[in-house]
Amino acid sequence: MPGAARRESARENEMSEQQTTETGAETYDVQAVQDKWLPVWDQLQPFRADDDSPREKKYALTMFPYPSGDLHMGHAEVFAIHDVIARYWWFRGFEVLNPMGWDSFGLPAENAAIRNDEHPATYTYANIETQLHSMQRYATSFDWSRRLHTSDPEYYRWTQWLFLKIRERGLAYRKNSPVNWCPQDQTVLANEQVLADGTCERCGAEVTKRELTQWYFKTTDYAQELYDGLDALQDTWIGKVVNAQRNWIGRSEGAHVDFVLDGRDEPVTVYTTRPDTLHGATFMVVAADAGLAAEVVTDEQRPAYEAYVEEIRKASDIDRLATDRPKTGVFLGVHATNPVNGERIPVWAADYVLADYGTGAIMAVPAHDQRDLDFARKFDLPVRMVVDTGEEDPASSYVATTGDGTYVNSGALDGIADKATGIRTTIEQLQAAGTGEGTVNFRLRDWLLSRQRYWGCPIPIIHCEACGEVPVPEDQLPVELPELRGADLKPKGTSPLGAATEWVEVDCPSCGGPARRDTDTMDTFVDSSWYFFRYLSPHDDTQAFDTALANAWGPVDLYIGGDEHAVLHLLYARFFTKVLRDIGLIDWDEPFSAYLSQGKVINNGRKMSKSLGNGISLGDQLDEFGVDAVRLTLVFASPPEDNIDWADVSPAGSLRFLQRAWRLANDVTSEPGADVTTGDRALRQLTHRTVHEAEVLVESYRFNVVIARVMELVNATRKAIDSGCGPADPAVREAAEAVAIVLSLVAPYTAEEMWERLGHRPTVARADWPVVDPALLVEDSVTAIVQIQGKVKARLEVSPDITEADLEALALADPGVVAAIDGRPVRKVVVRAPKLVNVVV
RNA sequence: GCCCCCGUAUCCCAAUCGGCAGAGGAAGCCGCCUUAAAAGCGGCGUGGUGUGGGUUCGAGUCCCACCGGGGGCACCA
């Protein structure tokens, strides 16, 4: 048992730390320092945000956790990173809103309740208390007065209210459609919750399809704005997240083209990104599972069509998602007319055309689209090249050509050699003829939010046979969950709420007749799409949040979280924000001005997992090395967005450093307030440079480098004490105080202890950030390098404000340089005073 | 297949505007301390920046191609 062995050795360390060394020097007792300061901070409450403060406001936000068990290494990392920023903002004079809460609805609690025959709240709230305790011990700077839980009726009352507001705007609707169904969890999943291999992201079961009537939010109404908004976030959000959102929204430009179908009044509209290849359309394909196919199929072909639909229904999602599987399809017996050349082309149904993308129908141009070409080969349909790219004719090569080329067989386009012109010309033609138009299409679908589970926010709708969907009146909110527990919650394909008869059966609020409550609950992503508004006034029982407060504090200045939410949660929160703006509740457009994602904590190159037996227990690490050393290790290991391999880092080394820093405070012998201007200049310069760099580095999230700089200062101060200006020099005090203050961003216990030993009152967290003296940032002299052909040949100590002419003269007079030039004619001299001279010969 | 990001020492990682490749840590090695070991303290930097081109007085940094790794999207028309 390595864990037990580690705890054993930790206990031995503690015992030895309580003794003093033979020289009488005290040793740093990690646990005692932690026990000492936690209650002091608890009393001082240094991080409570005041809404009425005259200071400039900052909103620091970290994704709130789901309460499953205790905190783990991943939480420890994100809280450590987040705390650097939050504490830094306080130091720099901002009033900082730094709240924390729990995303406390969700499946694990429900599963635990079934397993243990209890209520999901039991598991949920017990874990919240455990995590709260751990977060406090971890010395996070959260303002606990703003704590919230999304599973509290006081919270979900307003989730329901927002749902009704969104519905009033026509942005929530029900529709019957095939949806992703997880047979394991017995619930519907959003597209986002189905992995690329067709399995459930939560339980790994193979996802199937079901026809159900479900609630949706119209995220597609905001597709363009959600896409365009990313431009403004390009520089302040971590790049990969912006890229992931762009890919997810999937904007494409193309055209709608109308094809008249034999015997049908309404033309069929197809979506294409290549309207310029319209002359090469040799057949049309409609999605086999769309209503259109069933409608237009001829009686003669209907049996074949129905057999085909039956066949593809049986295919699993995994089969469907394999990109290299052979094309299948069936002829529908009808023909369509190509609007640009009047040609009649056959209409087929196939499953490679998706019902819910574009119009669910395509024009097939086999010469210039590989999928269409594969289909054409399979069913022996004609292939007509209309863009001559110089490559072999796709009709014989079986390789579709997609590049630029010269148009052929394309009427008015013939001879044009530019794709953009071809597309534009065709769209103009179509528009003039009234048979098509340029359009923009998105991959993004509407957000399916119904879940057939218990432990979530009830949907505040009553279904009445006479009145239809009736919203629960606002004064009757919240619609609280009925008391269900244990076996009542077992998945059975319909929502467990349906079994709570007394709860379900209600009088219609509109007509008073018998009616039934909606028995689904909302996707928990709804809860987390607006929690950052609720933090502004979490106890307000008159409104979801206060508009004035939202406009004062918002948007969030920096949001930190995991990559796993790069698309879903962040996109939904952006959607909610835009809707709330349109409702008139806020006056800004984007919820998170900056976004930083933290990497994962892994071990030995692999994700930590029970099955691999490579898990690292946060609790064990904290017991062995202390909170500060673990926090320091996590922040120092790498830039925040990189993964941290616990096998590559050294919490023992972190602890060693903290002890060295702590010892500085003990060694300082000058009094607080000593006149620093008389202190050792070299050390003072380093101190001021370190503080200045810390500012720049924190603001650019390079926290690992901040720590390296503090380590440098600690090393230099140690040297100054032992073999330099000595412990009484005020510069040593200045350095040690700067170390304590900067270090408090990441190691609050050690910093607090140092601060006290330096003769100050707690808390260092609210001490004055050192004022950087610009005069001390200027070097007394700098080393100028002299290069010949870019190779360093000499170094010169010069004044930092030397002129270019003086530096050049000095360089060319240097004996080493003269020797290196060796009499060759100087062709050019590049001077960058005061650092460099490059002589070209 | 399309789109993003990253390759620096044994390892984790630094390197404002293109300007001396090395700040910090880990490991290792050498000392000091110790009866000894561990811990502690002090010291030592070993590669020329994945590869090949290009631009430039000068490239880790900019451009192109390729290789390797990671991520997003994907029968999305």
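The analysis underlying the following values was restricted to heavy atoms, covering all of them including side chains, and did not include hydrogens, waters or symmetry mates. Residue numbering restarts at 1 for every chain, and letters A, B, ... go by the order of the sequence lines. Keep in mind the model is a prediction, meaning the values are calculated, not measured.
- Comment: A:Arg689 engages A:Glu779 in a salt bridge, judged by a side-chain N to carboxylate O separation of less than 4.0 angstrom.
- Atom OG of residue A:Ser781 and atom CG of residue A:Asp801 lie 11.5 Å apart, to the nearest 0.5 angstrom.
- For residues 832-841 of chain A, there are no side chain to side chain donor-acceptor pair (under 3.5 Å) pairs, not counting sequence neighbours.
- Within 3.5 Å, a donor on the side chain of A:Lys327 pairs with an acceptor on the base of B:rC75, or the reverse.
- In this structure, B:rG72 is classed as anti because its glycosidic torsion departs from zero by more than 90°.
- Atom pair A:Ile238:CD1 and B:rG72:P shows a separation of 14 Å (rounding to whole Å applied).
- Base orientation at B:rC30 is anti, since its O4'-C1' glycosidic dihedral falls outside 90° of 0.
- Contact between the side-chain N/O atoms of A:Ser252 and the OP1/OP2 oxygens of B:rA77 is found at a separation under 4.0 Å.
- Among the nucleotides B:rA23, B:rG19, B:rG40, the one closest to the side chain of A:Lys835 is B:rG19.
- If you check every strand for non-hydrogen atoms under 4.0 Å, A:Arg663 touches sugar and phosphate atoms only.
- With values rounded to the nearest 0.5 angstrom, A:His279 atom NE2 is found 8.0 Å from A:Thr426 atom OG1.
- Look at the C1' atom in both B:rA77 and B:rA59: the space between them is 44 Å, to the nearest Å.
- B:rA26 atom P lies 14 Å from atom CH2 of A:Trp646, rounded to whole Å.
- For A:Lys719, the NZ atom sits in a loose shell: 12 or fewer heavy atoms of surrounding residues, nucleotides or ligands are nearer than 6.0 Å.
- Closest to the A:Arg656 side chain, of the nucleotides B:rA23, B:rG72, B:rG40, is B:rG40.
- Looking only at atom types and distance, the side chain of A:Ser252 has no donor-acceptor partner in the side chain of A:Asn441 under 3.5 Å away.
- Between the P atom of B:rC20 and the CG atom of A:Leu796 lies a distance of 15 Å, rounded to the nearest Å.
- With rounding to whole Å, A:Ile785 atom CD1 is found 12 Å from B:rG18 atom C1'.
- Annotation: B:rG28 and B:rA9 have their C1' atoms spaced 12 Å apart (nearest Å).
- Between A:Asp667 and A:Arg663 there is no salt bridge, since no side-chain nitrogen of the basic residue lies less than 4.0 Å from a carboxylate oxygen of the acidic one.
- Across B:rG47 and B:rG53, the matching C1' atoms stand 23 Å from one another, rounded to whole Å.
- Residue A:Arg251 is out of contact with every strand shown, counting any heavy-atom pair closer than 4.0 Å.
- Rounded to an integer number of Å, the gap from A:Lys607 NZ to B:rG71 P is 12 Å.
- Atom C1' of B:rC66 sits at a distance of 34 Å from the matching atom of B:rG25, rounded to the whole Å.
- Between A:Asp29 atom CG and B:rA39 atom P there is a gap of 20 Å when expressed in whole angstrom units.
- Going from atom CG of A:Asp563 over to atom C1' of B:rG71 covers 8 Å, rounded to whole Å.
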Contacts under 3.5 Å, N or O only, protein and nucleotides 43-45 of chain B:
unit_1	atom_1	unit_2	atom_2	d
B:rG43	OP1	A:Lys719	NZ	3.4

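- Between A:Phe375 and A:Phe379, the two ring planes are tilted [angle within 30° to 60°].
- For B:rA77, neither phosphate oxygen OP1 nor OP2 lies less than 4.0 angstrom from any side-chain nitrogen or oxygen of A:Tyr352.
- Looking at A:Thr783 and A:Glu797, their side chains do bring a donor and an acceptor atom within 3.5 Å of each other.
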task: Assess whether side chain to side chain contact (heavy atoms under 4.5 Å, CB included) is satisfied between A:Ile802 and A:Leu810, documenting all intermediate values.
output: CA-CA 10 Å; A:Ile802 191 169; A:Leu810 212 54; 4.2 Å; yes

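- The base of B:rG19 sits with one of its N or O atoms less than 3.5 Å from a complementary donor or acceptor on the side chain of A:Gln787.
- The structure places CG of A:Leu444 at 11.5 Å from CD of A:Gln224, a figure rounded to the nearest 0.5 Å.
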task = Show the numbers, then the answer: is there a side-chain hydrogen bond (donor to acceptor under 3.5 Å, both in side chains) between A:Thr401 and A:His368?
result = CA-CA 5 Å; A:Thr401 58; A:His368 307 296; 3.0 Å; yes

Each nucleotide of nucleotides 1-14 of chain B classed B (base within 4.0 Å of a protein heavy atom), S (only sugar-phosphate) or -, in 5' to 3' order, makes --BS------SSSS

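- For B:rC32 and B:rG24, the P atoms lie 25 Å apart once the distance is rounded to whole Å.
- Checked by atom type, the side-chain pair A:Asn715/A:Arg660 shows a donor-acceptor distance below 3.5 Å.
- One interatomic measurement links the two molecules: CG of A:Leu354 to P of B:rC73, which rounds to 16 Å at whole-angstrom precision.
- Using cut-offs of 30° and 60° for the angle between ring planes, the A:Tyr271 and A:Tyr357 rings count as perpendicular.
- The A:Val353 side chain lies nearest to B:rA77 when the options are B:rA74, B:rG24, B:rA77.
- The CG atom of A:Leu634 sits 12.5 Å away from the CG atom of A:Asn704 when rounded to the nearest 0.5 Å.
- Rounded to the nearest Å, the gap between the P atom of B:rC63 and that of B:rG72 is 25 Å.
- Heavy atoms of A:Ala708 sit under 4.0 angstrom from at least one base atom.
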Scan nucleotides 59-67 of chain B against the protein and return all N/O pairs shorter than 3.5 Å with their distances rounded to 0.1 Å.
none

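- With P as the reference atom, B:rC62 and B:rU49 are 16 Å apart, rounded to whole Å.
- One finds no salt bridge joining A:Arg274 and A:Asp369 here, because no Lys/Arg side-chain nitrogen approaches an Asp/Glu carboxylate oxygen to under 4.0 Å.
- With B:rC57, B:rA77, B:rG19 as the candidates, the nucleotide lying closest to the side chain of A:Leu836 is B:rG19.
- Rounded to whole Å, the C1' atom of B:rC12 lies 34 Å from the corresponding atom of B:rU55.
- Comparing B:rC20, B:rG25, B:rA77 against the side chain of A:Val792 picks out B:rC20 as the nearest.
- Pairs passing the side chain to side chain donor-acceptor pair (under 3.5 Å) check and including a residue from residues 229-238 of chain A, sequence neighbours excluded, read A:Asp231-A:Arg246, A:Gln234-A:Arg246.
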Pairing string of RNA chain B (Watson-Crick or G-U wobble, both atom distances under 3.5 Å; | = paired to other strand) is (((((((..((((.....[..).))).(((((.......))))).....(((((..]....))))))))))))....

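- The nearest heavy atom of RNA chain B to A:Arg660 and to A:Phe442 marks one nucleotide each, and the one closer to the 5' end goes with A:Arg660.
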